[in-house]
There are 4 protein chains.
Amino acid sequence: MPRSDEENSRIRELRRTSILDISVAVFAKKGLGATRIADIAEAGDMSQGLIYRYFNNKEEIYQAIIERIQSGTDQLAQQALQQAGTPLEKLRWLLEVYTAYVWQRPHFALLVEQALINEAMPEEMHAIAFKQVDMIVNTVHQLIIEGQKSHEIIEHDPGELTAMVLACLSGLNAGATYIPQMLKISGQPDVELIVRIIKA
Amino acid sequence: MPRSDEENSRIRELRRTSILDISVAVFAKKGLGATRIADIAEAGDMSQGLIYRYFNNKEEIYQAIIERIQSGTDQLAQQALQQAGTPLEKLRWLLEVYTAYVWQRPHFALLVEQALINEAMPEEMHAIAFKQVDMIVNTVHQLIIEGQKSHEIIEHDPGELTAMVLACLSGLNAGATYIPQMLKISGQPDVELIVRIIKA
Amino acid sequence: MPRSDEENSRIRELRRTSILDISVAVFAKKGLGATRIADIAEAGDMSQGLIYRYFNNKEEIYQAIIERIQSGTDQLAQQALQQAGTPLEKLRWLLEVYTAYVWQRPHFALLVEQALINEAMPEEMHAIAFKQVDMIVNTVHQLIIEGQKSHEIIEHDPGELTAMVLACLSGLNAGATYIPQMLKISGQPDVELIVRIIKA
Amino acid sequence: MPRSDEENSRIRELRRTSILDISVAVFAKKGLGATRIADIAEAGDMSQGLIYRYFNNKEEIYQAIIERIQSGTDQLAQQALQQAGTPLEKLRWLLEVYTAYVWQRPHFALLVEQALINEAMPEEMHAIAFKQVDMIVNTVHQLIIEGQKSHEIIEHDPGELTAMVLACLSGLNAGATYIPQMLKISGQPDVELIVRIIKA
DNA sequence: CATGAATGAGACTTCATTCAT
DNA sequence: CATGAATGAAGTCTCATTCAT
């Protein structure tokens with residue numbers, strides 16, 4: 001007697017998710033190019049062939065991951081704008097939540113960064129990643145401009161302030177992932193330090 | 001008529017340097033794994049075979065680049081400590097020079113970061129890159145501690161301050177390289193903004 | 001309530017036949033090597049696993065088809081010899097019936113031809129197909145010799161005449177299957193034209 | 001000192017030709033689908049990788065072969081029309097030359113037939129092969145119509161006569177290649193037998 | 001009886017590296 | 001010193017076949 005259809009689609013869904021979860025870790029360690037399908041299969045203790053029943057190739061796996069991350073980023077940016085409080089308070093909220101998010105899943109942001117950076121990535125992946133980063137950049141940029149109007153944030157080229165704040169975030173992320181022991185820190189960094197860059 | 005020995009070794013030196021210069025750009029775009037020897041040969045308009053007369057394999061090229069960068073970093077760190085002035089002034093000098101350096105050769109720091117990050121890198125490369133970053137980290141860390149003693153720098157876990165300052169630098173670098181147009185900035189960022197993080 | 005045994009074996013027989021029927025079309029299009037079990041399953045709207053409950057592997061399906069065709073060929077050859085009339089009349093009858101048969105099931109002869117031709121075929125299949133073709137060749141050959149004795153058929157190397165007649169049949173078959181529109185014909189070809197080759 | 005450019009391109013040309021020559025035999029035996037690159041490499045006593053320096057994939061090799069054959073076919077058809085003599089004499093010339101050609105290189109026509117038949121072939125290949133066969137079909141068709149006007153050729157649907165003549169050729173070819181011993185013939189078949197089909 | 005998820009062997013393809021010239 | 005044809009070891013991907021349900 002065959003498995004029921006629901007049973008089958010549940011199994012497929014679980015397997016698909018599991019492949020993505022496993023791949024996040026592997027891609028983060030090696031990057032898209034240096035990751036072999038064999039690595040993912042081994043990490044997930046499954047056959048290589050199985051992976052191809054769910055994804056047509058490596059790139060497709062990577063893309064599925066990026067897309068899954070994206071929805072989270074979109075929400076985050078939107079919620080920040082909808083927070084109660086002054087622009088600076090909204091920005092602080094964004095930094096806080098984003099830092100916490102990244103600190104717990106350091107791999108995610110790195111995969112997006114790779115998608116952005118790596119020239120070997122298919123164009124479509126670039127586009128998805130770009131859109132994602134752009135959303136955060138624009139949100140921060142907008143909040144900084146508003147904060148300057150309300151004199152919470154220093155007078156300075158808002159583009160440069162945005163770049164600096166985001167550089168901190170991204171740099172922290174990279175550092176936290178790869179060289180925590182080198183960075184002489186323990187625990188999630190204090191967002192208030194970043195705020196010092198821009199606070200009036 | 002055979003070339004003279006000096007002539008030959010001069011040619012060899014030029015060629016070697018040229019291979020390294022070309023490789024920096026190629027590695028920065030694709031990373032070690034995704035870069036093919038053919039890519040380098042093509043970028044330098046030379047045969048693949050020629051490259052093997054100067055380096056035994058791909059990794060050796062990468063390593064030569066990292067080592068070449070290293071000497072610059074070492075000097076920089078040393079010079080910072082030898083600057084006249086207060087600890088904060090020394091730190092400011094370091095940030096200034098380092099930012100300028102990176103701004104003009106954005107690829108260099110990225111290659112070091114890759115060497116640090118990428119698990120596919122041979123262990124030796126990790127070590128070299130680690131040593132390099134460690135030197136900067138330690139220098140900044142030391143200056144921050146000294147600055148706290150002289151009350152130029154805020155009371156705060158010095159490890160965390162170090163992490164934050166370096167995160168800015170590394171994040172700026174990545175951003176500057178890959179997404180300058182996205183970052184709404186033009187020209188080298190203002191180091192004074194980073195100093196705001198730590199200034200008492 | 002379990003199905004009765006007869007019911008079961010009836011279902012099995014139907015299914016087996018259906019798999020063979022479907023496979024004929026698929027094999028004819030792609031050949032043994034390029035046909036995937038998945039293709040057959042899809043064409044028959046059944047699962048891949050099911051096919052393996054009836055046949056142990058791809059080759060076995062192919063072989064079952066060839067064997068099924070064989071019995072028809074055997075009968076045809078025998079009946080031709082037993083027809084009333086002169087040798088040429090017997091031959092004409094054979095050509096007529098064979099052409100009609102092929103015209104209606106163009107795939108059959110092609111599968112036999114493939115079995116004969118394709119080096120990737122297992123030896124056993126070669127043997128079966130060879131035996132089949134050989135029977136037709138010998139029958140035609142024999143009738144031609146007899147026809148020459150009765151002066152209905154021209155004096156000429158009987159082997160060559162046989163080859164020519166059969167070449168017509170096989171060529172017509174291939175053409176009819178694949179390029180009918182190219183061949184500018186409509187309807188079953190006129191056997192009398194083939195007879196012209198040999199008629200005294 | 002590097003090889004001279006001419007030397008290199010001579011080597012490349014030789015190698016390319018050699019790969020094509022070898023592939024003809026292998027493809028003819030197994031067909032496109034069942035032929036592995038490894039088969040060709042082995043038959044030519046070269047590495048698999050080398051083949052990919054000359055052709056991007058199996059299909060490209062096949063196509064190169066078909067195209068090489070095409071030029072020969074084109075010429076043949078044209079020359080037939082330009083022969084001196086009556087339409088039937090032209091046709092006889094065509095059959096003669098074509099039979100001789102095929103008899104000496106039996107694989108060629110088979111590869112074209114495969115390209116026409118096999119559904120797994122890329123569309124482009126179909127087109128090339130179709131064009132080739134179409135040229136011969138049209139030439140024969142035209143000569144038959146002219147021959148009917150001059151009463152050298154029997155009154156009968158010219159399409160059907162064309163089909164029959166070409167069926168003979170193609171059938172002979174297939175037979176000659178695969179089952180010569182079965183066909184009880186020795187030496188090239190007598191074209192005059194085919195002519196009997198159509199001669200008034 | 002029937003299904004489709006899963007496996008594993010083997011084919012295709014790429015590329016670092018060698019070597020004759 | 002320099003070239004590019006050639007190799008061979010991986011890696012990517014496909015598909016016949018198995019097996020739990």
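Note on naming: letters A, B, ... go to the chains in the order of the sequence lines (proteins, then strands), and numbering restarts at 1 for each one.
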Which distance, rounded to the nearest 0.5 Å, do you find between the [atom1] of [X] and the [atom2] of [Y]?
X     : Y     : atom1 : atom2 : answer
D:N8  : D:R12 : CG    : CZ    : 8.5 Å
B:I61 : B:I51 : CD1   : CD1   : 5.5 Å
C:L32 : C:I65 : CG    : CD1   : 9.5 Å

For [X] and [N], give me the distance from atom [atom1] to atom [atom2], rounded to whole Å.
X     : N      : atom1 : atom2 : answer
A:I40 : F:dC13 : CD1   : C1'   : 14 Å
C:I37 : F:dT17 : CD1   : P     : 6 Å
B:E59 : E:dC15 : CD    : P     : 15 Å
B:E60 : E:dT17 : CD    : C1'   : 13 Å
D:L14 : F:dA5  : CG    : P     : 13 Å
D:M46 : E:dT18 : CE    : P     : 23 Å
A:R10 : F:dT21 : CZ    : C1'   : 13 Å
D:E42 : F:dT7  : CD    : P     : 14 Å

Practice task
Kindly indicate, with the supporting measurements, whether the criterion side chain to side chain contact (heavy atoms under 4.5 Å, CB included) is fulfilled by C:H126 and C:L116.
Solution key: CA-CA 5 Å; C:H126 274 297; C:L116 211 56; 5.5 Å; no
Exercise for the section: Could you check whether A:S9 gets within reach of a base, just the sugar-phosphate, or nothing at all, counting any heavy atom under 4.0 Å? Expected result: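 If one applies the 4.0 Å heavy-atom cut-off, A:S9 turns out to touch nothing in the nucleic acid.
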Handout entry: Sugar-phosphate only, base, or nothing, as touched by C:Q48 at under 4.0 Å among non-hydrogen atoms
Key =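 Base, at least one base heavy atom under 4.0 Å.
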Practice task
Check DNA chain F against residues 19-27 of chain D and give the residues with a non-hydrogen atom under 4.0 Å, in numerical order.
Solution key: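 Within residues 19-27 of chain D, no residue comes under 4.0 Å of DNA chain F.
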Practice task
For C:A43, check side chain to side chain contact (heavy atoms under 4.5 Å, CB included) against everything at least two apart and list the hits.
Solution key: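 C:A43 satisfies side chain to side chain contact (heavy atoms under 4.5 Å, CB included) with C:I22, C:V26 only.
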Practice task
By nearest nucleotide on DNA chain F, pick out whichever of A:T35 and C:K58 is the more 5' one.
Solution key: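 The residue closer to the strand's 5' end, by nearest nucleotide, is A:T35.
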Problem - Phosphate OP1/OP2 of E:dA6 contacted by A:R12 side-chain N/O (<4.0 Å) - result: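 Negative; the distance criterion is not met.
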Practice task
Using the test salt bridge (Lys or Arg N to Asp or Glu O under 4.0 Å), find all partners of A:R10 that sit at least two apart in sequence or belong to another chain.
Solution key: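 Checked A:R10 against salt bridge (Lys or Arg N to Asp or Glu O under 4.0 Å); matches are A:E7.
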Exercise for the section: Dot-bracket notation for DNA chain E is requested: 5' to 3', Watson-Crick or G-U wobble pairs only, both distances under 3.5 Å, with ( ), [ ], | and . as defined. Expected result: .||||||||||||||||||||
Exercise for the section: With DNA chain E as reference, determine whether D:G33 or A:S47 sits nearer its 5' end, using the nearest nucleotide of each. Expected result: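 Final value for this comparison: A:S47.
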Problem - Residues which pass side chain to side chain donor-acceptor pair (under 3.5 Å) with C:R105, listed by chain and number, not counting sequence neighbours - result: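 Expected list: none.
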Practice task
Enumerate the residues from residues 49-57 of chain A whose closest heavy atom to DNA chain E is under 4.0 Å, giving them by residue number; use none for an empty result.
Solution key: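 Heavy-atom cutoff 4.0 Å gives A:G49, A:L50, A:R53, A:Y54.
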Problem - All pairs passing salt bridge (Lys or Arg N to Asp or Glu O under 4.0 Å) where residues 14-28 of chain A contributes a residue, at least two apart - result: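 Qualifying pairs: A:D21-A:R68.
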Handout entry: Residue pairs passing the salt bridge (Lys or Arg N to Asp or Glu O under 4.0 Å) test where at least one lies in residues 37-56 of chain A, sequence neighbours excluded
Key =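 Residue pairs with at least one partner in residues 37-56 of chain A: A:K30-A:D39, A:R36-A:D39.
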Exercise for the section: Show your working on side chain to side chain contact (heavy atoms under 4.5 Å, CB included) between C:F27 and C:I40 and close with a plain yes or no. Expected result: CA-CA 9 Å; C:F27 280 134; C:I40 298 175; 4.1 Å; yes
Exercise for the section: Give every residue pair that meets the ring pair (Phe, Tyr, Trp, His ring centres under 6.0 Å) criterion with at least one member in residues 30-52 of chain D, sequence neighbours excluded. Expected result: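 Found none.
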Exercise for the section: Between E:dA5, F:dC15, E:dA2, spot the one nearest the side chain of C:R36, thanks. Expected result: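 Given the options E:dA5, F:dC15, E:dA2, the side chain of C:R36 is closest to F:dC15.
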Exercise for the section: Sorted by first residue and then second, give each side-chain hydrogen bond (donor to acceptor under 3.5 Å, both in side chains) pair with at least one member in residues 54-64 of chain D; sequence neighbours left out. Expected result: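 Only D:N56-D:E60, D:Q63-D:E67, D:Q63-D:E124 qualify under side-chain hydrogen bond (donor to acceptor under 3.5 Å, both in side chains).
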